[in-house]
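What you are looking at is a predicted structure, and each value in this text was computed from that prediction instead of being measured.
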Number of protein chains: 2
Amino acid sequence: MPKTIKKSSATVHDRLARSIGERILAGEFAPGTLLPNEAEWGKIYDGSRTAVREAIKTLTGKGLLLSRPKIGSRVQPRERWNLLDRDVLSWHRSAIDRRSFAASTQEARRIIEPGIAELAAKKRSAEQLDRLVTALENMRKSKSVPQTVGADLEFHSALLQAANNALIVPFGIIIEQALANLFDYTSQRNPHFNLAVRLHENIVRAVVAQDGVGARHAMLKLIDDTDAVIAAVVKK
Amino acid sequence: MPKTIKKSSATVHDRLARSIGERILAGEFAPGTLLPNEAEWGKIYDGSRTAVREAIKTLTGKGLLLSRPKIGSRVQPRERWNLLDRDVLSWHRSAIDRRSFAASTQEARRIIEPGIAELAAKKRSAEQLDRLVTALENMRKSKSVPQTVGADLEFHSALLQAANNALIVPFGIIIEQALANLFDYTSQRNPHFNLAVRLHENIVRAVVAQDGVGARHAMLKLIDDTDAVIAAVVKK
DNA sequence: GGCAAGTGTTTTGTATGACAATTGAAAAAT
DNA sequence: ATTTTTCAATTGTCATACAAAACACTTGCC
């Protein structure tokens with residue numbers, strides 16, 4: 001697991017929320033299932049009922065649970081789950097098969113990112129363009145894998161911001177996870193690194209020219225390349 | 001506000017989470033701001049510290065806050081917010097200008113839904129197609145506005161399911177909100193109702209034929225129509 | 001004076017015990 | 001059989017106490 005956050009599991013309720021969340025995502029408690037009650041969770045994880053309740057509030061807030069007096073806490077149907085939540089997504093990632101997760105992620109990116117690139121090309125401000133260019137330069141200059149990943153993430157995040165639509169900002173989480181997942185696979189430098197940089201350059205060029213359609217196609221090319229990288233890793 | 005849930009504000013911590021959430025989304029507490037401490041919230045809303053803490057855990061889980069001992073609870077930068085969370089989205093909707101929200105929503109739909117339609121056309125199972133057809137029939141038969149909205153929602157939800165990609169299911173929330181928002185505007189029957197039904201039929205036809213590109217274009221036409229409805233309402 | 005260590009203070013984190021509210025299920029009354 | 005009542009299990013709420021973290025300050029040392 002890549003270190004997303006420094007803290008391993010500082011507080012008790014965080015530990016509880018993460019652990020119970022992972023178990024739900026792993027399918028140990030199917031939708032519709034009744035969870036152990038608060039007192040039992042407390043015994044299981046050696047925490048007070050207060051801590052358990054706070055953990056459960058977190059999970060309820062993410063759409064995983066619904067609690068009612070006398071009934072207990074019931075796992076909600078999957079379509080209520082907040083799958084785009086950072087935590088839920090990472091629990092998901094640790095629970096399911098990586099290969100199929102990568103495939104789903106790429107499929108989703110293919111839907112979202114070309115549209116984002118097109119919007120960004122049409123609507124970006126000068127400052128937003130600067131940020132995009134800087135990210136590209138950092139990518140070129142990067143000397144280590146984490147640096148490359150960081151710059152890549154920053155690139156896609158900058159593009160997202162440049163689209164100037166608050167509702168699609170959260171989609172960045174998917175891209176984050178896509179890169180993190182890919183990184184889990186390879187744990188080494190992308191073999192097509194120079195190609196990847198060129199593909200990113202093409203996107204920037206289109207955004208500079210405010211060429212929406214061009215940006216869309218450049219992004220599609222980049223996603224195609226990621227597919228190829230994944231395929232190569234899988235074969236290895 | 002359309003009745004999303006029967007309960008108005010059953011529990012104390014729900015009431016707190018909703019109210020504080022709305023105030024953050026409304027900009028009363030800007031990102032970076034330090035919130036009142038737990039004891040003060042308790043006094044303000046006349047609730048115990050326990051209830052306040054549970055509300056704060058909910059908000060923290062949605063990415064709005066970060067709490068640390070001795071510091072307090074600080075509003076996170078906007079890009080950490082889980083804007084695709086059902087609650088966050090509805091707080092957002094009640095906080096900002098409806099017209100610009102509708103515009104952002106349509107922009108986002110335009111990116112996402114054509115891709116979903118294309119995927120659904122390619123990958124749908126027979127059962128998933130059934131559900132889509134049923135939703136369309138319910139739309140035709142609907143006698144009241146809530147019925148129409150319900151059937152419309154069900155249609156888009158069925159299409160989403162048919163795309164067979166768990167990661168894009170959460171996008172349905174955006175569509176939900178788009179329709180709810182539109183409904184807030186009009187509170188009466190869509191003047192182009194017959195046209196809307198025909199546009200939905202075109203999508204179904206393409207999905208039946210497993211014609212991905214056709215489904216994509218049919219969806220774009222539908223979104224264009226929604227734009228027209230919004231424009232008409234605004235002018236009124 | 002400057003710097004280090006310690007000390008205090010504020011706020012969240014955790015635990016415990018008590019009682020209220022809700023609601024499904026069993027028991028009782030008709 | 002049906003309705004009503006009672007009961008019991010579980011979450012919801014509250015009050016209180018103490019632990020832990022982290023910033024602000026003070027003290028002591030050189």
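For the residue pair A:His156 and A:Glu113, a side-chain donor N or O sits within less than 3.5 Å of a side-chain acceptor on the partner. In summary, the side chains of B:Asn164 and B:Gln128 do present a donor paired with an acceptor at a separation below 3.5 Å, with no hydrogens or angles considered. B:Ser157 and B:Arg131 share a side-chain donor-acceptor pair at under 3.5 Å. Checked by atom type, the side-chain pair A:Arg109/A:Gln106 shows a donor-acceptor distance below 3.5 Å.
Note: A:Phe171 and B:Phe171 have tilted aromatic rings, judged against thresholds of 30 and 60 degrees for the angle between ring planes.
Near-neighbour residues of DNA chain C inside residues 38-55 of chain B, defined by a heavy atom below 4.0 Å, number-ordered: B:Glu38, B:Arg49, B:Arg53. Using a 4.0 Å cut-off on heavy atoms, none of the residues of residues 28-36 of chain A approach DNA chain D.
Tested against A:Val52, the residues A:Glu38, A:Lys57, A:Lys43 include a single side-chain contact (heavy atoms from CB on, under 4.5 Å) partner, A:Glu38.
Rounded to an integer number of Å, the gap from B:Asn37 CG to C:dG13 C1' is 14 Å. Distance CG (B:Asp14) to P (C:dA21): 17 Å, rounded to an integer number of Å. What separates CG of A:Leu16 from C1' of C:dA15 is a distance of 13 Å, to the nearest Å. What separates CZ of A:Arg74 from P of D:dT11 is a distance of 12 Å, to the nearest Å.
In this structure, of C:dT12, C:dT14, D:dG12, it is C:dT14 that holds the atom nearest to the side chain of A:Thr11. Distances were taken from every side-chain heavy atom of A:His13 (C-beta onward) to each of C:dG13, C:dT12, C:dT23; the shortest belongs to C:dG13.
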Are A:Thr60 and B:Thr58 close enough, and set up right, to give a side-chain contact (heavy atoms from CB on, under 4.5 Å), and what steps lead you there? CA-CA 8 Å; A:Thr60 302; B:Thr58 299; over 6 Å; no
side-chain contact (heavy atoms from CB on, under 4.5 Å), that's the test. Do A:Trp91 and A:Leu64 meet it? Break it down for me. CA-CA 12 Å; A:Trp91 299 336; A:Leu64 298 185; 3.9 Å; yes
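Under the 4.0 Å criterion applied to side-chain N and carboxylate O atoms, A:Lys62 and A:Asp87 are assigned as salt-bridge partners.
Phosphate proximity of D:dT10 to A:Arg68: absent, as no side-chain N or O sits under 4.0 Å from OP1 or OP2.
A donor-acceptor contact shorter than 3.5 Å is absent between the side chain of B:Asn82 and the backbone of B:Asp85. Although no hydrogens or angles enter the test, the distance criterion places no donor-acceptor pair under 3.5 Å between the side chain of B:Arg49 and the main chain of B:Ala39.
Take the nearest nucleotide of DNA chain C for A:Pro69 and for B:Lys57: the residue whose nucleotide is more 5' is B:Lys57.
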Find every protein N or O atom lying less than 3.5 Å from an N or O atom of nucleotides 5-9 of chain C, and list the pairs.
none

